[in-house]
Amino acid sequence: MDLLKQLESKMQALVQQRNQLKEELDALKAAGAVGDQELQSLRARLEEAVAEKTALEKDREAVKEQVASILRALEALG
């Protein structure tokens, strides 16, 4: 009988440990989901920043061409 009680006690301890590990795993999964959402948000912001940078580079090139054109016109006049 003592052996059965010991086995039952160990079984309950293992079940409790399993439940605790399952709760920890669920918490880690939830934290991972939050991390994934943050990562997606950061990726979206990065894409927006890259698109804005590209637009600004195009604007800069257009301004450089206009300045060069103005300088050529001034040289032609002078």
Side-chain angles (χ1 to χ4, degrees):
M1 286 301 261
D2 273 348
L3 183 59
L4 287 177
K5 286 184 181 183
Q6 287 177 355
L7 289 173
E8 183 180 0
S9 176
K10 286 183 181 182
M11 179 81 132
Q12 288 176 352
L14 288 172
V15 167
Q16 186 177 12
Q17 185 180 18
R18 181 203 63 191
N19 290 340
Q20 182 181 357
L21 290 172
K22 186 178 181 298
E23 289 174 6
E24 290 177 16
L25 178 62
D26 290 343
L28 288 172
K29 284 181 182 178
V34 170
D36 287 345
Q37 290 174 350
E38 289 178 15
L39 182 59
Q40 288 175 356
S41 174
L42 288 172
R43 283 183 178 153
R45 287 175 50 198
L46 177 61
E47 288 176 10
E48 291 172 4
V50 168
E52 185 176 343
K53 177 184 172 235
T54 301
L56 289 172
E57 287 173 343
K58 287 181 182 179
D59 287 349
R60 182 185 69 202
E61 288 302 315
V63 169
K64 282 173 72 175
E65 289 177 20
Q66 288 175 347
V67 168
S69 174
I70 291 170
L71 288 175
R72 285 192 298 270
L74 287 173
E75 287 176 357
L77 290 175

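Shown here are the side-chain contact (heavy atoms from CB on, under 4.5 Å) partners of L21, two or more places apart in sequence or in another chain: Q17, E24.
The CD atom of E8 sits 5.0 Å away from atom CD of Q12, with the distance rounded to the nearest 0.5 Å. Between atom CG of residue L7 and atom NZ of residue K5 there is a gap of 13.0 Å, rounded to the nearest 0.5 Å. For the atom pair CG (D36) and CZ (R43), the distance works out to 8.5 Å, reported to the nearest 0.5 Å.
For residues 57-78, the side-chain hydrogen bond (donor to acceptor under 3.5 Å, both in side chains) pairs, not counting sequence neighbours, are K53-E57.
With S41 contributing its side chain and Q37 its backbone, the two residues share no donor-acceptor pair below 3.5 Å.
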